[in-house]
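First up is the structure itself, then whatever we jot down about it.
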Amino acid sequence: MFGPARICWTPPAATSYNPPMTWQKDIPRRLGALPFDGDLLRTEPGGNPLAKIGFLGVYPALTKMKFYAHEGKKMPVPVAVERESFAEGSASGKHLRAHYLEPMGVTWNDVRTMDMAPYFMANTSVSKASGRSMWDNVCIYGKATGEVMAVIPRPPPNKLVEMCRTMPGNRERLTHYMAESNIKDLLTLGSEAAAFVRGSRTVREGQEFLYAPAEELEFMGKIVCVHHLAHPGNLMYVSKKNKKWRDKHEIWCESWNPA
């Protein structure tokens, strides 16, 4: 039956503390397969390990797609994912540079990047052109070929945050990354990341913290100065809906002052 290759990627009701480094048993380097013999790999932190500025995203992006022909239709499916969060040269890395690093006046060497979730997830947003989502395409590929894919669909926002909180080994993974870092300023991207760091009950509550004054908080065992910023998707496109966030972001970048 088509579905996730490992049951541990499905969030349980509760999780127990693992000793340091045992998180790698729960969150292996390779989770399983992607279409066309691709590998769903764990995405590692990116940027400079010694950097004092940290960015926290939600989940890794895909870096390569191929088209699968089925019943006269060509459907894009993911075949490779980011090896490092916001990898320089990837689409997500380009957005990070254009909308955050350059306006802040910093470079890749000044930042450390990581994600709440360790693995890529397939988007469930339906394309107007095809009437299908990336997850739909993955499901069609899996059913047609009989191959078992490790990728799962992106959960709704609140469930995604809860999944990252309860997934076995994930808290230990992030604690390990933070302990190895020199991060003083932690910049979160989007309402989900803000809710995750703040322990908010809902993503809507997390949104209330976007562009609020920075605060010193404990995150995964380290005291850092936390800044909550809009998701790149709210900054990439000019629209009436995004104007509020673009204006707030521009003001924030102009007044950016590291701890």
Side-chain angles (χ1 to χ4, degrees), residues 2-4 9-11 31-36 38 40-41 43 55-82 85-87 90-96 98-100 115-144 149-164 167 188-196 200 202-207 210 229-246 249:
F2 178 65
W9 181 225
T10 303
L31 184 65
L34 287 174
F36 291 102
L40 183 55
L41 302 174
T43 299
F55 279 92
L56 180 69
V58 180
Y59 68 100
L62 64 86
T63 56
K64 186 177 180 181
M65 296 184 297
K66 283 188 177 181
F67 283 90
Y68 174 64
H70 180 70
E71 296 182 350
K73 299 177 182 178
K74 290 187 176 181
M75 299 172 291
V77 291
V79 297
V81 301
E82 288 180 317
S85 297
F86 298 96
S90 70
S92 63
K94 291 176 182 177
H95 293 316
L96 187 73
H99 299 291
Y100 300 90
D115 285 289
M116 289 163 45
Y119 302 113
F120 163 79
M121 292 174 274
N123 203 312
T124 58
S125 299
V126 175
S127 166
K128 291 182 180 179
S130 68
R132 300 184 309 274
S133 67
M134 181 64 76
W135 174 242
D136 292 330
N137 294 344
V138 171
C139 288
I140 292 170
Y141 175 91
K143 290 176 181 177
M149 302 291 102
V151 65
I152 67 168
R154 185 196 198 282
N158 289 339
K159 290 185 178 181
L160 190 156
V161 173
E162 184 63 17
M163 180 186 70
C164 290
M167 181 183 180
T188 69
L189 304 184
S191 302
E192 290 161 319
F196 181 70
S200 303
T202 67
V203 169
R204 183 179 293 274
E205 289 180 5
Q207 187 180 74
L210 299 188
L229 311 181
H231 188 272
N234 293 120
L235 306 175
M236 291 159 47
Y237 309 107
V238 178
S239 69
K240 291 182 179 180
K241 181 180 178 181
N242 293 338
K243 187 178 188 304
K244 176 180 74 171
W245 299 119
R246 291 170 64 89
H249 187 71

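Position 1 is the first residue of the sequence, and the numbers go up from there. Atom set for the values below is all heavy atoms of this structure, side chains included, hydrogens, waters and symmetry mates excluded.
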Min side-chain heavy-atom separation Val151-Phe120 under 4.5 Å
yes
Closest approach of Ser90 and Thr63, non-hydrogen atoms and distance?
CB-CG2, 4.5 Å
His95 and Leu235, any side-chain heavy atoms less than 4.5 Å apart:
no
Contact summary for Val81 and Leu34, nearest pair of heavy atoms:
CG1-CD1, 3.9 Å
Value rounded to 0.5 Å, distance of CD in Glu205 from CG in Asn158:
9.0 Å
CZ of Phe36 to NZ of Lys64: how many Å apart, nearest 0.5 Å?
10.5 Å
Review item, side-chain donor-acceptor pairs of residues 69-79, under 3.5 Å, at least two apart:
none

Rounded to the nearest 0.5 Å, what's the gap from NZ on Lys241 to CG on Asn234? Could you check?
7.5 Å
Close side-chain approach of Leu96 to Leu189, heavy-atom, < 4.5 Å:
yes
Side chains of Ser133 and Asp136: does their closest heavy-atom pair fall under 4.5 Å?
yes
Begin with the C-alpha distance, continue with both residues' side-chain angles, and end with the deciding distance and a verdict on side-chain contact (heavy atoms from CB on, under 4.5 Å) for Met163 and Ile152.
CA-CA 12 Å; Met163 180 186 70; Ile152 67 168; 4.1 Å; yes
Can you name the closest pair of heavy atoms from Thr43 and Ser85 and give their distance?
CG2-N, 3.3 Å
Those residues at least two apart in sequence (or on a different chain) that pass ring-ring contact (aromatic ring centres under 6.0 Å, His included) with Tyr59 are none
If every non-hydrogen atom of Gly32 is compared with every non-hydrogen atom of Ala150, which pair is closest and at what distance?
CA-CB, 3.5 Å
By salt bridge (Lys or Arg N to Asp or Glu O under 4.0 Å), which residues pair with Lys244, not counting sequence neighbours?
none
Using the six-membered ring wherever Trp is involved, compare the ring planes of Tyr68 and Tyr141 and label them parallel, tilted or perpendicular (cut-offs 30° and 60°).
perpendicular
What closest approach, in Å, do Ala87 and Glu82 show between heavy atoms, and which atom pair accounts for it?
N-OE2, 3.3 Å
List in chain and number order the residues that pass ring-ring contact (aromatic ring centres under 6.0 Å, His included) with His249, two or more places apart in sequence or in another chain; answer none if no residue qualifies.
Tyr100, Tyr211
With side-chain contact (heavy atoms from CB on, under 4.5 Å) as the criterion, how do Leu56 and Phe196 come out once you've worked through the C-alpha distance, each side chain's angles and the decisive distance to 0.1 Å?
CA-CA 10 Å; Leu56 180 69; Phe196 181 70; 4.3 Å; yes
If we only count heavy atoms from C-beta on, is the Met149 to Pro35 side-chain gap below 4.5 Å?
yes
State which residues pass side chain to side chain donor-acceptor pair (under 3.5 Å) with Lys243; sequence neighbours excluded, sorted by chain then number.
Asp247
If you define the side chain from C-beta out and look only at heavy atoms, does anything of Pro155 sit under 4.5 Å from Glu162?
no
Who are the salt bridge (Lys or Arg N to Asp or Glu O under 4.0 Å) partners of Arg154, not counting sequence neighbours?
Glu192
Closest heavy-atom pair, Ser191 versus Gln207, reported as atoms and distance to 0.1 Å, is OG-CB, 3.3 Å
Counting distance only, does the side-chain N/O of Thr188 pair as donor-acceptor with the main-chain N or O of Ala193 below 3.5 Å?
no
